[in-house]
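Reviewing the structure listed below.
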Amino acid sequence: MDSLKINKCIVSLDGIVDHPLLRQIGEMADALSLETYVVGGFVRDLFLGRVAKDIDIVCVGDSIVLAQAVAQYKDVPVTFFKRFGTAMLQWDEWALEFISARKESYVLTSRHPNVSTGTLADDQMRRDFTINTMAASLNKGDYGRLVDPFNGQSDLMHGLIRTPSNPYQTFSDDPLRIMRAIRFSTQLHFTIVPETWLAMTTVQDRLAIVAQERISEELHKIIMTDRPSYGFKLLFDANLLSVVLPELHNLAGKEQIGCHSHKDNFSHTLEVLDNISHHSSKLWLRWAAVLHDIAKPLTKRFDPIHGFSFHGHEEQGARMLPKIFKRMRFPITKEVLGYVQKLVRLHLRPIALAHEVTDGAIRRLLYEVGDHLEDLFLLCRADITSKNEDKVQQYLANFDRVQQRVWEVEARDKIRNFQPVITGQIIIQTFGLKPSPQIGLIKNAIKEAILEGTIKNRYQEAFDYMLMLGKQYGLSQLI
C-alpha cells in the first residue's frame, strides 16, 4: 500500500474540476467530516475533454449520509441501495451516485459481489480498468488533487486498456468486464494490452453467468460508436462473437470453387454497418445493417455455371429475427422488431428496381415500406460495397435513378400508408354478405389494382371495380 501513498498526489485538477456542483458537494462533505472524491468515468472524461453526465462520488465513510444531505439541499428524491452502501439522485442534468469506499469479493456462480467497508485504495483496486480508477478530491484542503495509483492518466495518454489488478481475477469476478473492455476500446479507439486480452479470451466461458440484458446493453453501446466495425472485429478475434451473436459470426469466410467465389459476408456486413453509422445514429437502423444478411449461410447455393447465390436470404433473414430478438432480450414490438424485419425483408427491393423501374413496382414498395422509406434508402445505399470503386459508383448512379423515380411516384400518387377507400364493411353492405373469405379476396384485389395503377384510390372508381369483382364471384348488389 505504500506505493499508493507515493502516487497519491501527482497532479492537481483544481481548474478543470472547478464546477459549482462539485464544489457544493465538497462543502457538504467537509461539514460532515467525510473524505470524498469524484472518481471513475467522470475524471477519465475530464482528461479526454468529454462531457459526462454521470458522476460517481466515493466517500471514505458513510456515503448515504452525504447523499441525504445533497438530496435535502436540492429538494430531490434519493434512491438507496443499502446492501452496496450506495445512493442515487438527480441534480439538474447530472446523475449522481454516492458510493461508500468498499472492498468486493465474489463467488464463482455470480458476478454480484459481497461488499465490505474499505479504503479509497480498496475502492480503486476493485474497478475494471486503470483509466476508470482515477479519483479527484472534493475536500477543501486538497480540492482537485488527483489520486492515480494505477497510472490511469498514463494509460489514457497512450490509449491503453488494462486492468488495475490481476486481469484473470478481474474478468473471472465480473465477466461483463470482457464486453466492457471491447466497448471502451471501440468508443475511445484504445488498444487492449496483451496480458488483458489474453485473460479475456481465457476466461470467456464465464460470460455464461452474465444476464443477457447486460450483454445486449454493451452491444448497443458498441454499435452506437462512430466506427462500430472495430468492436465487432474485436469480438470476432476474441472468439466471443460466436457466443454473443453466432448468426453474425457464421457470415465470416470466403469460398471458391473453380473460377467462382463469394465475398466474405462478415466483412461486408461490417462495412455496411460503418456506412450506415456515417449517416444515422438510429440504434435499430444500425442493427438492421448488422442483421440484413444473416440468412446467407442458410440460403447459399452453388451452380457450376452461375456460381454462388443466396436467393431468398432477405425473406429468410426476416423470419429469423423473432427468435434472435427473443434470445437477445430485444423489444418484441412492431416499432422495433417489426421495423427491423421490414428493412431486412426489403433491403434488396430498391436495388432490384434498377433493372426494371415500373410505377407498379414502385407503388408496391411504397405501400410495404410505409414511413420507413428514408431508412430503407440509407440501408440500400450502405449495402453497395466493392473493392472496385468504379463498380460502386456505377451502382450508386443506378440507385440514384431509382430513388428519384420513387420520389416522383410518391409525390404524384401519395401511396405510402394508403388505405383503400373500399373497406370490408362496404363490401358486406353492398353484397349482403356475412364474414367470409370472399371479402378478403375482394379487398386484396382492389388494393392490388390500385398499386398496379389499374384504378385510382377514388371512391366511385374503386366501387365500380368492386361491383365487377362481385360479378366474377356471382355476387349481386343489394338494392
Side-chain angles (χ1 to χ4, degrees), residues 17 19-46 51-107 109-129 132-140 143 147 164 170 173-177 179-180 209-218 220-221 329:
V17 185
H19 190 286
L21 176 153
L22 296 176
R23 288 282 184 185
Q24 185 64 50
I25 292 174
E27 291 176 8
M28 293 182 184
D30 286 334
L32 295 167
S33 299
L34 283 172
E35 183 183 345
T36 301
Y37 302 84
V38 58
V39 68
F42 183 84
V43 180
R44 177 198 69 224
D45 286 347
L46 284 177
V51 177
K53 297 298 183 182
D54 296 330
I55 304 178
D56 288 351
I57 306 294
V58 169
C59 298
V60 182
D62 192 349
S63 65
I64 301 295
V65 174
L66 180 57
Q68 289 173 322
V70 173
Q72 185 175 0
Y73 172 80
K74 281 294 294 179
D75 192 24
V76 294
V78 58
T79 303
F80 299 106
F81 303 91
K82 293 188 177 180
R83 176 189 169 191
F84 299 107
T86 64
M88 298 183 70
L89 60 86
Q90 194 77 21
W91 180 316
D92 300 331
E93 74 271 27
W94 308 90
L96 304 179
E97 183 170 9
F98 294 83
I99 306 159
S100 298
R102 68 198 196 205
K103 298 178 182 179
E104 292 180 346
S105 60
Y106 291 81
V107 295
T109 55
S110 174
R111 57 174 290 267
H112 299 295
N114 296 314
V115 174
S116 59
T117 301
T119 64
L120 175 64
D122 292 325
D123 200 88
Q124 291 173 294
M125 176 76 76
R126 73 175 178 82
R127 294 179 178 269
D128 51 8
F129 308 112
N132 295 329
T133 61
M134 295 179 289
S137 173
L138 296 183
N139 297 111
K140 185 175 181 180
Y143 186 89
V147 183
T170 296
D173 284 346
D174 185 356
L176 184 64
R177 290 167 175 167
M179 297 295 298
R180 285 170 58 83
I209 69 170
V210 179
Q212 178 60 53
E213 290 84 352
R214 301 303 302 275
I215 293 174
S216 293
E217 182 181 347
E218 292 299 324
H220 290 330
K221 291 176 180 178
R329 303 293 192 270

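Note that the structure is a prediction, hence the values are computed from the model and not measured.
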inquiry  = Looking at R23 and E27, is any side-chain nitrogen of the basic one under 4.0 Å from a carboxylate oxygen of the acidic one?
reply    = no

query = Got a second to check how far R329's CZ is from Q212's CD, nearest 0.5 Å?
reply = 6.5 Å

inquiry  = For a 4.5 angstrom cut-off between non-hydrogen side-chain atoms, does I55 reach L22?
reply    = yes

query = Quick one: are L138 and Y37 in side-chain contact, heavy atoms under 4.5 Å?
reply = no

message = Please check: side-chain N/O of R102 versus main-chain N/O of D123, any donor-acceptor pairing under 3.5 Å?
response = no

query = Do I209 and P175 come within less than 4.5 Å of each other through their side chains, counting heavy atoms only?
reply = yes

inquiry  = Treating S63 as the side-chain partner and C59 as the backbone partner, does any N or O pair qualify as donor plus acceptor under 3.5 Å?
reply    = no

task = Report yes or no: is the cationic atom of R180 (NZ for Lys, CZ for Arg) under 6.0 Å from the centre of the six-membered ring of F129, at an angle within 45° of the ring normal?
result = no

request  = Over all heavy atoms of both residues, which pair between D92 and K74 is shortest? Give the atoms and the distance, please.
outcome  = OD1-NZ, 3.4 Å

request  = Mind listing the closest non-hydrogen atom pair of R214 and V210 along with its distance?
outcome  = CB-CG1, 4.0 Å

inquiry  = If you compare all heavy atoms of E93 against all heavy atoms of K53, which two are closest, and at what distance to 0.1 Å?
reply    = CG-NZ, 3.4 Å

key: Nearest non-hydrogen partners of I215 and L176, listed with the distance   = N-CD1, 4.2 Å

query = Could you state the interatomic distance from CZ (R127) to CE (M134), rounded to the nearest 0.5 Å?
reply = 11.5 Å

task = For N139 and L34, indicate whether the former's side chain and the latter's backbone hold a donor-acceptor pair under 3.5 Å.
result = yes

task = Check step by step if side-chain contact (heavy atoms from CB on, under 4.5 Å) holds for T133 and R126.
result = CA-CA 9 Å; T133 61; R126 73 175 178 82; over 6 Å; no

request  = Any chance you could measure F81, atom CZ, to I64, atom CD1, to the nearest 0.5 Å?
outcome  = 9.5 Å

message = Within the structure provided, determine whether E97 and D54 are in side-chain contact (heavy-atom separation under 4.5 Å).
response = no

ask   = How many angstroms lie between CG in L21 and CG in L96, if you round to the nearest 0.5 Å?
value = 5.5 Å

query = Which atoms form the tightest heavy-atom contact between A101 and L120, and what is the distance?
reply = CB-N, 4.1 Å

inquiry  = Once rounded to the nearest 0.5 Å, what's the spacing between atom OH of Y73 and atom CE of M28?
reply    = 5.5 Å

request  = Of all the heavy-atom pairs spanning I25 and W91, show the shortest one and how long it is.
outcome  = CG1-CZ3, 4.3 Å

inquiry  = Please identify which of these residues, V70, L66, I99, meets the side-chain contact (heavy atoms from CB on, under 4.5 Å) condition with I57.
reply    = L66

query = Hey, mind stepping through R44 and N132 against side-chain hydrogen bond (donor to acceptor under 3.5 Å, both in side chains) and telling me if it holds?
reply = CA-CA 6 Å; R44 177 198 69 224; N132 295 329; 2.5 Å; yes

request  = Starting at CG of D30, measure out to OG1 of T36 and round the result to the nearest 0.5 Å.
outcome  = 7.5 Å

task = Verify side-chain contact (heavy atoms from CB on, under 4.5 Å) between F80 and M88, making sure each step is shown before the conclusion.
result = CA-CA 7 Å; F80 299 106; M88 298 183 70; over 6 Å; no

